[in-house]
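In what follows, chains are A, B, ... by sequence order, proteins preceding strands, each numbered from 1.
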Protein chains: 2
Amino acid sequence: MARHAENQNWKLVASDLEDLIGYNLKRAYVIVRADFREALGDDGMSARVFSALSLAVEFPNITQSELARMMGIERSGLVSIVDELEQRGFLNRVAVPGDRRVQALVPTQEGRFACVEALKAVRAHEDALLDVMTAKEKETLLKLLKKIRMRGEG
Amino acid sequence: MARHAENQNWKLVASDLEDLIGYNLKRAYVIVRADFREALGDDGMSARVFSALSLAVEFPNITQSELARMMGIERSGLVSIVDELEQRGFLNRVAVPGDRRVQALVPTQEGRFACVEALKAVRAHEDALLDVMTAKEKETLLKLLKKIRMRGEG
DNA sequence: TATTGTTATACTCTATAACTATA
DNA sequence: TATAGTTATAGAGTATAACAATA
């Protein structure tokens with residue numbers, strides 16, 4: 001059976017995948033994700049660990065619950081991430097006087113340094129990957145992605 | 001310790017996550033993915049199953065290896081996807097005369113119908129989610145995402 | 001030798017539910 | 001009752017490596 005099917009339904013489908021924002025978003029994300037991994041190397045931080053470290057550096061003394069909320073994941077999922085960051089010596093869980101339930105995440109000097117170095121590497125890789133785009137285009141892309149985020153993250 | 005740390009490293013980090021294309025891509029993708037799942041309901045197809053069906057409908061008689069290549073995943077990963085589509089009655093594995101290794105993927109009438117219906121639902125949801133963007137902006141976003149894809153899928 | 005489909009296996013990311021210790 | 005951190009567990013999604021059948 002060739003493309004001239006009995007009904008015309010296939011016409012509504014043909015290549016319409018290519019017009020979906022979601023499909024293109026995923027395909028592009030997969031590429032940038034692979035680039036990210038290459039940037040930080042085989043024993044480098046994963047994207048989520050790097051994100052957690054970045055936010056912990058940006059907001060020192062943040063709690064795990066706050067950080068999870070900020071990252072859009074569950075509290076429970078953050079435990080292993082913080083475990084890894086602590087094992088790498090990039091931050092410490094520190095008791096907070098006044099509320100013995102919470103533990104503040106305090107980045108170490110080494111953690112701040114590693115964060116900056118990782119960011120440099122990721123930026124360099126991203127710049128190389130996206131050298132087909134102009135600065136203006138990248139800015140536009142960022143703006144549009146943030147528009148989607150604003151819609152979904154409220 | 002407040003933000004005026006001993007060194008100025010934090011300044012290079014603060015909120016720089018927000019300027020990375022990769023980070024924004026992922027955050028936006030997570031939102032659109034959740035929207036997709038909602039569009040197709042609890043017992044609906046997953047994104048990858050829907051993608052496979054769409055491509056099988058668009059390219060009838062495609063082989064699994066070709067489809068996997070097209071989707072950017074491994075052959076082995078496609079087996080369970082095609083299993084599910086066959087169980088749902090959306091396509092059939094059909095022997096190909098001339099090469100007994102390959103099995104052509106032939107969508108059923110029901111499969112083509114389901115594909116169109118799913119696409120309508122996904123489109124409607126995507127339109128509602130992205131109603132904060134103009135048609136022009138969506139077009140621009142698609143163009144820029146495809147630019148990244150061209151770079152990585154080249 | 002190379003390719004197609006397949007199985008087995010493992011790893012990453014994430015969610016849910018329940019637990020503990022606090023509040 | 002509610003919250004913070006934790007554990008156990010399960011489910012997607014994907015990759016790698018090997019295999020049998022076929023080319």
J.: Test A:Lys143 against A:Glu139 for salt bridge (charged side-chain N to carboxylate O under 4.0 Å, His left out), laying out the working first.
T.: CA-CA 6 Å; A:Lys143 192 193 70 185; A:Glu139 194 186 333; over 6 Å; no

J.: Just to verify, what does B:Arg48 make a salt bridge (Lys or Arg N to Asp or Glu O under 4.0 Å) with, not counting sequence neighbours?
T.: none

J.: Would you check, one step at a time, whether the test salt bridge (charged side-chain N to carboxylate O under 4.0 Å, His left out) holds for A:Asp19 with B:Arg123?
T.: CA-CA 9 Å; A:Asp19 293 334; B:Arg123 274 235 197 79; 5.2 Å; no

J.: Check the distance between D:dA4's P and A:Leu105's CG and give it to me in whole angstrom.
T.: 13 Å

J.: Expressed in angstrom and rounded to an integer, what is the separation of B:Asp42 atom CG from C:dA15 atom P?
T.: 16 Å

J.: Does the salt bridge (charged side-chain N to carboxylate O under 4.0 Å, His left out) test come out yes or no for B:Asp83 and B:Arg93, once each step is laid out?
T.: CA-CA 9 Å; B:Asp83 284 349; B:Arg93 289 171 164 105; 3.0 Å; yes

J.: Run the salt bridge (charged side-chain N to carboxylate O under 4.0 Å, His left out) check on B:Glu18 and A:Arg149 step by step: do they pass?
T.: CA-CA 11 Å; B:Glu18 289 292 335; A:Arg149 289 181 59 194; 2.8 Å; yes

J.: Report the distance from atom OH of A:Tyr29 to atom P of C:dT12, rounded to the nearest whole Å.
T.: 14 Å

J.: Whole angstroms only, please: what is the CG-P distance between A:Leu78 and D:dT6?
T.: 9 Å

J.: Can you tell me the distance, in whole Å, between the CG atom of A:Leu91 and the P atom of D:dG5?
T.: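 After rounding, the gap between these two atoms is 13 Å.
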
J.: How does protein reach along nucleotides 13-23 of chain D, written 5' to 3' as B (base within reach of a heavy atom under 4.0 Å), S (only sugar-phosphate), or - (no contact)?
T.: SBSBB---BBS

J.: Is the distance from OP1 or OP2 of D:dT6 to the nearest side-chain N or O of A:Gln103 less than 4.0 Å?
T.: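 So the side-chain polar atoms of A:Gln103 do come within 4.0 Å of the phosphate oxygens OP1 or OP2 of D:dT6, strictly under.
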
J.: To the nearest Å, how far apart are A:Gln64 CD and D:dT3 P?
T.: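 Atom-to-atom, A:Gln64 to D:dT3, this comes out as 17 Å.
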
J.: Report yes if the side chains of B:Thr140 and A:Leu141 come closer than 4.5 Å at any heavy-atom pair, otherwise no.
T.: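 Heavy-atom side-chain distance check fails, nothing below 4.5 Å.
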
J.: Between P on D:dT6 and CG on A:Leu67, what's the gap in Å once rounded to a whole number?
T.: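 Taking atom P of D:dT6 as the reference, CG of A:Leu67 is at 12 Å.
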
J.: Starting at CD of B:Glu66 and ending at C1' of C:dG5, how long is that distance when rounded to a whole Å?
T.: 13 Å

J.: Mind checking B:Val102 for me? I need base, sugar-phosphate or nothing, with any heavy atom below 4.0 Å counting as a touch.
T.: sugar-phosphate

J.: Nearest of C:dT6, D:dT6, C:dT4 to any side-chain atom of B:Val79?
T.: C:dT6

J.: Identify whether NZ of Lys or CZ of Arg in B:Arg33 sits under 6.0 Å from the centre of the six-membered ring of B:Tyr29 and within 45° of that ring's axis.
T.: yes

